[in-house]
Amino acid sequence: MDSKNIFDSNRSAWNEALNYHQKARSNSLQEGFQDSAFTTFDRDCDAVLLEKLAEIDLTDKVIGQLPCNNGRELLSLMKLGAKKAVGFDISDNAILEARQLAEIAEMDATFERINILDIDDKYNNYFDFIYISEGSLQWFPDLNAYFAVVSRLLKKGGQLLIFEMHPIAYLFEVDFDAQKPDFDLLIPYFEKGPYQYKDGLDYIGGVEYESKEGYWFMHKLSDILKALIKNGMILEDIEEYNLEMANNESTKVLDKFPLSYMVVAKSDR
Ligand SMILES: C[S@@+](CC[C@H](N)C(=O)[O-])C[C@H]1O[C@@H](n2cnc3c(N)ncnc32)[C@H](O)[C@@H]1O
C-alpha cells in the first residue's frame, strides 16, 4: 500500500468518524465554548498535563497542534495565555467543526485541512510551542518524516509536548477482555503493521460500525525517541503514567501497565 492511499483512506475514515463523534457529543462543545472559562482538559489524566503546561508557560506564545481534530484541545490550550494558534488536520469534517468552535469562542485560532506531511513552508520557524496529543502518532507510517515537519515548524528553542497513549496501550487496541485474557489477540509491540480499526473509530459514543478503510501503525517508544533525536530535538523531560486516555474498556483495568507518556523536547535547529 503506498502512502497516498494510506492518507486518502484515513481522510475518509476520519470524516466518517467525525459524524459519529458529533452525534455523540451533540452540542456540548458548541455550548461549552460560549463560556470563556470552558476547557476540555478536565479528564483525570489532564492534571499532569496542566502541571507541565504551567511550567512551560504559554503566555504570548504562538502555538500549534498536529493533528488537531476538531480543535477543542487547541482552543483549551489558547486559554492558558497563548497569542495565536494554528491547528492542522486531514479531516474535512474535523476542520469545519474546529473553525465553528473558534468562532463561537471568539479566539484567534486558524485551522487548516492538510496532511501533516504537506504543511506549507510558510509555517517554517513559526511556532514557539507544538502540542501532540493522544491518538496522533499512529497515523504516520514514518515518524522520521513526521518529526521532520515538527522540527521545521518550530522556532529554534521552541518546545514540543507529546502527551500520548503509551505504545504498550496500543497493544490493547483490539477486542481484548482483561477478565478472560487472550494474549494472542494483542497487537505485537515489535510489528509496525499497518493495522485497521474494523469496528470504527467512535471512541466518543462507543457505536460500532463497519468502518471505511483506515490504517494505523505501531511505533515502539525507542522509535519515537530516535525520530525526535534524528530531527534535532533535545529531550527535556520524559515520564510514563498508568493514566488511561483512550476510554478503552480493556485498558481501564490494566493499572500495572504504562498507558500514557509525556515527552517535552526543544528544537535545536
Ligand atoms: C485521535 S485524533 C488525535 C487528536 C486529539 N487527541 C483528539 O482526540 O481529538 C486523530 C486525528 O488525526 C487526524 N489525522 C490522521 N492522519 C492524519 C494526517 N496524515 N495528517 C493530518 N491529520 C491526520 C485525524 O483526522 C484525527 O482528527
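In each ligand, atom 1 is the first atom listed, and ligand 1 is the first ligand listed. Small disclaimer: the values here were computed from a predicted structure and weren't measured.
A salt bridge does not link Asp8 to Arg11: none of the charged side-chain nitrogens sits closer than 4.0 Å to a carboxylate oxygen. Note on Arg99 versus Glu112: no salt bridge recorded, every NZ/NE/NH1/NH2 to OD/OE distance being 4.0 Å or above.
Close approach of ligand 1 to Ile114 is summarised as follows: ligand atoms under 4.0 Å from at least one heavy atom of the residue are 20 (N), 21 (C). Those atoms of ligand 1 that come under 4.0 Å of a heavy atom in Trp139, given as number and element, are 10 (C), 12 (O), 15 (C), 16 (N). Atom numbering of ligand 1 starts at 1 in the shown order; those under 4.0 Å from a heavy atom of Arg72 are 7 (C), 8 (O), 9 (O). Proximity to Asn115 (heavy-atom distance under 4.0 Å) selects the following atoms of ligand 1: 18 (C), 19 (N), 20 (N). Atoms of ligand 1 lying under 4.0 Å from any heavy atom of Ser91, numbered from 1 in the order shown and given with element: 25 (O). Those atoms of ligand 1 that come under 4.0 Å of a heavy atom in Phe7, given as number and element, are 19 (N).
For Glu210 (side chain) and Asp199 (main-chain N/O), no donor-acceptor pair under 3.5 Å exists by modelled atom type. For Asn15 (side chain) and Asp92 (main-chain N/O), a donor-acceptor pair under 3.5 Å exists by modelled atom type. With hydrogens and angles disregarded, no donor-acceptor distance shorter than 3.5 Å links the side chain of Lys61 to the backbone of Ala82.
Residue, atom and distance of the protein heavy atom nearest to atom 3 (C) of ligand 1 are Glu134 O, 3.4 Å. Summary of contacts: the protein heavy atom closest to atom 20 (N) of ligand 1 is Ile116 N, 3.0 Å. Protein heavy atom at the shortest distance from atom 5 (C) of ligand 1 is Glu73 OE1, 3.2 Å. Atom 12 (O) of ligand 1 has as its closest protein heavy atom Pro67 CG, 3.2 Å. In terms of protein heavy atoms, atom 10 (C) of ligand 1 is closest to Gly135 O, 3.3 Å. Annotation: atom 22 (N) of ligand 1 to nearest protein heavy atom, Ile90 N, 3.0 Å.
Taking the six-membered ring wherever Trp is involved, the centroid distance between the rings of Tyr261 and Phe163 does not fall below 6.0 Å. The aromatic ring centres of Trp216 and Tyr170 sit less than 6.0 Å apart. When ring centroids are compared, Tyr209 and Tyr20 come within the 6.0 Å threshold.
Here's the thing with Asp89: one of its N/O atoms is less than 3.5 angstrom from an N/O atom of ligand 1. Considering backbone and side-chain atoms alike, Ser136 places every N or O at 3.5 Å or more from each N or O of ligand 1.
Under 4.0 Å from ligand 1, not a single heavy atom of Tyr215 appears.
Thr110 pairs with exactly one of Leu74, Val86, Ile95 by the side-chain contact (heavy atoms from CB on, under 4.5 Å) rule, that one being Val86. Each of Phe140, Phe7, Phe88 was compared with Tyr146 under the ring-ring contact (aromatic ring centres under 6.0 Å, His included) criterion, and only Phe140 meets it.
Heavy-atom distances between Phe88 and ligand 1 stay at or above 4.0 Å for every pair.
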